[in-house]
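In what follows, chains carry the letters A, B, and so on, assigned in the order in which the sequence lines appear, proteins first and then strands, with residues in each chain numbered from 1.
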Amino acid sequence: MTRAHVLPPAFFARPAEEVALDLLGKTLIRRRGRRLEAFGITETEAYVGPEDLACHAARGRTQRTEVMFGPAGRFYVYLIYGMYWMLNVVTGDVGHPAAVLIRGAGAIAGPGRLTRALEITSAFNGKPASARTGLWIADVGESPPADTILRTARIGVDYAGPIWAAKEYRFVLKTP
DNA sequence: GCAGTGATCATA
DNA sequence: ATGATCACTGCC
């Protein structure tokens with residue numbers, strides 16, 4: 001079933017903005033033991049590259065941001081406020097650091113709650129989004145209609161200054 | 001409204 | 001070694 005529809009690295013090897021939009025309605029799948037849990041992705045944010053002052057990579061290539069400089073389709077997971085893990089997928093070409101933050105899936109709203117519910121930690125950092133990893137994204141075939149998608153500025157990025165904070169790089173699936 | 005929490009990074 | 005910062009959440 002879902003295995004045949006695993007999103008390949010090529011899906012992620014595009015501009016973060018496109019990937020963020022296209023991830024809405026895709027299915028985040030987590031394997032825990034024998035069990036597979038599936039969650040429809042409802043909210044994403046794009047961090048588009050080193051020029052994006054809200055993107056961690058705008059501060060340069062460091063140990064933390066290293067994974068964003070690598071191949072698309074790998075997870076970038078980091079800790080925020082000492083408590084919450086943020087789940088991202090690396091996008092774009094090698095050498096161009098960008099990623100998409102997954103902020104909501106299934107009935108879970110909020111990026112910190114999502115990782116807590118799915119037990120996602122730094123153990124996934126740098127791992128490919130694949131069945132082997134135990135965490136991946138699948139295409140169920142139905143793309144959400146344009147009028148069900150809300151586009152806004154990103155959350156919590158005022159530090160990036162007025163230009164970049166105002167960019168409408170957040171995508172939300174309206175719940176019916 | 002704001003405290004909690006600790007890795008990360010710049011500065012030294 | 002030290003201090004500021006932080007792509008959040010939950011409780012006041």
Colleague: Assess A/Arg64 against A/Tyr78: is NZ or CZ under 6.0 Å from the centre of the six-membered ring, and within 45 degrees of the ring's axis?
Modeller: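 Here A/Arg64 passes the 6.0 Å and 45° test against A/Tyr78.
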Colleague: Among A/Ile137, A/Leu28, A/Leu173, whose side chain to side chain contact (heavy atoms under 4.5 Å, CB included) with A/Leu23 holds?
Modeller: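 Among the candidates, only A/Ile137 passes.
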Colleague: Can you find a pair of side-chain heavy atoms, one from A/Lys26 and one from A/Leu7, that are under 4.5 Å apart?
Modeller: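 They are in side-chain contact.
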Colleague: Cation-pi between A/Arg61 and A/Phe69: NZ/CZ under 6.0 Å from ring centre and within 45° of the ring axis?
Modeller: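 A/Arg61 over A/Phe69 ring: yes.
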Colleague: Just checking, A/Arg74 and A/Phe124: is the charged tip under 6.0 Å from the six-membered ring centre and within 45° of the axis?
Modeller: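 Output no; distance or angle outside limits.
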Colleague: Distance check, rounded to the nearest 0.5 Å: A/Tyr169 atom OH versus A/Thr152 atom OG1?
Modeller: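 If I round to the nearest 0.5 Å, the distance is 13.0 Å.
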Colleague: Of all residues at least two apart in sequence or in a different chain, which pass the salt bridge (charged side-chain N to carboxylate O under 4.0 Å, His left out) check with A/Arg32?
Modeller: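 Listed in chain order: A/Glu37, A/Glu119.
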Colleague: Indicate yes or no: at least one non-hydrogen side-chain atom of A/Phe39 is less than 4.5 angstrom from one of A/Leu118.
Modeller: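 A/Phe39 reaches A/Leu118 side chain to side chain.
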Colleague: When you check every protein heavy atom under 4.0 Å of nucleotides 1-10 of chain B, what one-letter string (B, S, -) results, 5' to 3'?
Modeller: ---BBBSSSS
Colleague: Can you pull out the residues from residues 96-123 of chain A that lie within a 4.0 Å heavy-atom distance of DNA chain C?
Modeller: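 Heavy-atom cutoff 4.0 Å gives A/Leu101, A/Arg103, A/Gly110, A/Pro111, A/Gly112, A/Arg113, A/Arg116.
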Colleague: Could you check whether A/Arg14 makes a cation-pi contact with A/Phe12, meaning its NZ or CZ is under 6.0 Å from the centre of the six-membered ring and within 45° of the ring axis?
Modeller: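 No - A/Arg14 does not lie over the ring of A/Phe12 by the 6.0 Å and 45° rule.
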Colleague: Strictly below 4.0 Å, N to O, side chains only: are A/Arg151 and A/Glu17 in salt-bridge contact?
Modeller: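 Salt bridge: yes.
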Colleague: Could you write out DNA chain B as dot-bracket? Rules: Watson-Crick or G-U wobble, both distances under 3.5 Å, brackets [ ] for crossings, | for pairs with another strand, dot for unpaired.
Modeller: ||||.||||||.
Colleague: For the residue pair A/Leu21 and A/Ile149, establish whether any side-chain heavy-atom pair is separated by less than 4.5 Å.
Modeller: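 Result yes, sub-4.5 Å side-chain heavy-atom pair found.
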Colleague: Reading DNA chain C in the 5' to 3' direction, which nucleotide is the first one with an atom under 4.0 Å from a heavy atom of chain A, and which is the last?
Modeller: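 Under 4.0 Å from chain A, the extent on DNA chain C is C/dC6 to C/dG10.
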Colleague: Donor-acceptor pairs under 3.5 angstrom involving side-chain atoms of residues 83-112 of chain A: please list them, not counting sequence neighbours.
Modeller:
unit_1, atom_1, unit_2, atom_2, d
A/Asn88, ND2, A/Tyr76, O, 3.1
A/Arg103, NE, A/Glu43, OE2, 2.8

